[in-house]
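Here's the structure we're looking at; comments come further down.
In what follows, chains carry the letters A, B, and so on, assigned in the order in which the sequence lines appear, proteins first and then strands, with residues in each chain numbered from 1.
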2 protein chains.
Amino acid sequence: MAAQPTRRERERQQHRREILAVALDLFSRKGFEKTAMADIAEQAEFAVGTLYKLFEDKNALYRALILDAVERFTQALTAVLTTPGSELERLARYIETKATLFAQNIPTARLYFAQTTGAGFLPTAGLDQEARAIYEKVLSMLEAVFRSGIRKKLIANIDPKMLVLGLEGLSNAFVFELIERPDDLPAETMADLSKTIFFERIHLKGN
Amino acid sequence: MAAQPTRRERERQQHRREILAVALDLFSRKGFEKTAMADIAEQAEFAVGTLYKLFEDKNALYRALILDAVERFTQALTAVLTTPGSELERLARYIETKATLFAQNIPTARLYFAQTTGAGFLPTAGLDQEARAIYEKVLSMLEAVFRSGIRKKLIANIDPKMLVLGLEGLSNAFVFELIERPDDLPAETMADLSKTIFFERIHLKGN
DNA sequence: TGACAAAGTGAACGGCTCTTCATAGATTAT
DNA sequence: ATAATCTATGAAGAGCCGTTCACTTTGTCA
């Protein structure tokens with residue numbers, strides 16, 4: 001379809017990617033505010049001015065990173081949710097996918113969380129809007145799965161919005177742990193814990 | 001015991017409190033980095049220099065706020081955990097207390113979370129250390145309660161550290177919601193949801 | 001009342017960071 | 001080979017912010 005892009009264009013895109021990679025590294029380790037454009041330029045071996053040839057400004061750099069991450073994660077997660085199988089199976093797979101996905105992309109995961117979880121909290125900027133909108137697609141799909149499970153009497157009759165909130169909170173807690181102390185426990189264990197706590201009862205000896 | 005403090009001292013402390021109140025307001029709304037000392041001074045109706053007579057520097061202002069908040073919350077929460085009653089009852093009361101406590105102190109709660117949850121994530125500064133240490137006392141008490149519940153076969157035999165992580169993640173998710181959209185649902189509902197999801201089974205039709 | 005101390009003030013300083021732009025270099029087209 | 005176009009450079013501009021300090025005002029006490 002699209003004609004082979006010119007060498008110039010290919011190199012331009014390559015440089016863009018290199019800069020994004022460095023920015024991801026620095027933002028995820030030091031945070032957005034404490035990363036200076038000069039830091040990124042130095043580590044990427046470009047001059048500051050060059051960054052501004054490829055990105056509008058510092059926010060655009062951040063946004064490119066966030067949007068890419070949120071889109072990739074969202075795509076993978078919605079894919080699992082539309083997979084065949086019972087509602088419970090799909091939810092289980094959602095949890096597993098989330099755990100492995102994040103475990104394999106720790107720097108990206110840090111950025112993702114800084115946006116989605118922290119967002120609304122302390123407004124990180126005006127940057128969240130777009131990213132949050134995308135993330136919310138996942139949440140509404142999750143909600144639909146819960147709703148359908150409730151209709152089929154597979155799942156207790158609790159406001160599905162609240163079930164979403166609960167499942168996200170629970171699984172995020174374990175993903176946080178994964179991100180902060182990656183060697184502590186493998187991703188599967190974390191996924192199993194989320195599933196057990198959420199779907200099995202913790203409290204023995206019936207009511 | 002201590003002799004009546006002089007009027008000077010009382011007013012000094014009053015001014016200190018006024019400044020702290022303004023700082024809490026601004027930090028919780030705009031975030032630490034984006035709040036300038038000049039902003040605080042203006043809103044508190046003092047000159048910048050006066051802030052520096054009462055606080056070492058900007059960090060000290062933040063730390064005073066955080067430490068006070070974390071200490072108050074921690075005290076209330078440890079109190080409930082050492083209350084008489086079964087492990088399950090104590091955990092239930094912990095959840096309820098947490099919900100009402102935070103619902104009644106929303107600006108403070110925002111700061112608290114920015115420290116405890118977000119901390120370790122993107123290092124907010126070196127400020128967390130002390131606050132985090134205090135918060136971890138609550139976590140280890142929670143862990144002890146779980147451990148004891150497991151010993152008495154009241155609670156499923158899952159690594160208590162993980163149960164703590166899960167319970168915190170779950171209840172924090174609801175507390176977040178409470179903070180972000182206070183009119184959405186009352187604190188008791190949030191507490192009930194945490195308890196139901198954590199202690200009852202979501203998944204019907206036992207396998 | 002007058003002198004001493006404490007509290008309050010805000011302009012000025014220095015450091016840091018984002019962003020721009022005139023210049024230099026490289027690549028492509030003629 | 002030469003002109004034209006695109007890319008890279010980094011010093012300089014401009015603004016913001018934390019902090020200081022010489023000075024003024026207010027309160028205390030003899």
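For the pair B:Tyr52 OH and D:dT19 P, the interatomic distance rounds to 4 Å; values are reported in whole Å. The interatomic distance linking A:Arg7 (CZ) with C:dT27 (P) rounds to 9 Å, in whole Å. Here C:dG8 presents its P atom at 8 Å from CD of B:Glu11, a figure rounded to the nearest Å. The CZ atom of A:Phe55 sits 15 Å away from the C1' atom of D:dA8 (whole-angstrom rounding). Here C:dA7 presents its P atom at 10 Å from CD of B:Gln13, a figure rounded to the nearest Å. Separating the CE atom of B:Met37 from the P atom of C:dA11 is a distance of 17 Å, rounded to the nearest angstrom. Between A:Lys34 atom NZ and C:dC18 atom P there is a gap of 14 Å when expressed in whole angstrom units.
For the residue pair B:Arg72 / B:Gln75, no side-chain donor-acceptor distance below 3.5 Å is found, with atom types taken as modelled. Side-chain atoms of B:Ser171 and B:Lys98 form a donor-acceptor pair, as typed in the model, at a separation below 3.5 Å. Between the side chains of A:Arg17 and A:Gln14, at least one donor N or O sits under 3.5 Å from an acceptor N or O.
By the 6.0 Å and 45° rule, A:Lys53 does not stack over the aromatic ring of A:Phe46.
Under 4.0 angstrom from either OP1 or OP2 of C:dC18 there lies at least one side-chain N or O belonging to A:Lys58. For the OP1/OP2 pair of C:dA7 and a distance below 4.0 Å, the side-chain nitrogens and oxygens of B:Arg12 include at least one atom meeting the criterion. For A:His15 and D:dA8, the shortest distance from a side-chain N or O to OP1 or OP2 is below 4.0 Å.
Between the side chain of B:Lys53 and the base of C:dA7, no donor-acceptor pair of N or O atoms lies under 3.5 Å.
Proximity of residues 38-51 of chain A to DNA chain C (heavy atom under 4.0 angstrom from any strand atom) is restricted to A:Val48.
Counting heavy atoms of neighbouring residues, nucleotides and ligands inside a 6.0 Å radius, atom CD of A:Glu136 exceeds 12 of them.
Residue B:Arg8 has its side chain nearest to C:dA7 when only C:dA7, D:dT20, C:dT19 are considered.
When all heavy atoms of A:Val80 and A:Tyr94 are compared, the closest pair comes out as CG1-N, 4.3 Å.
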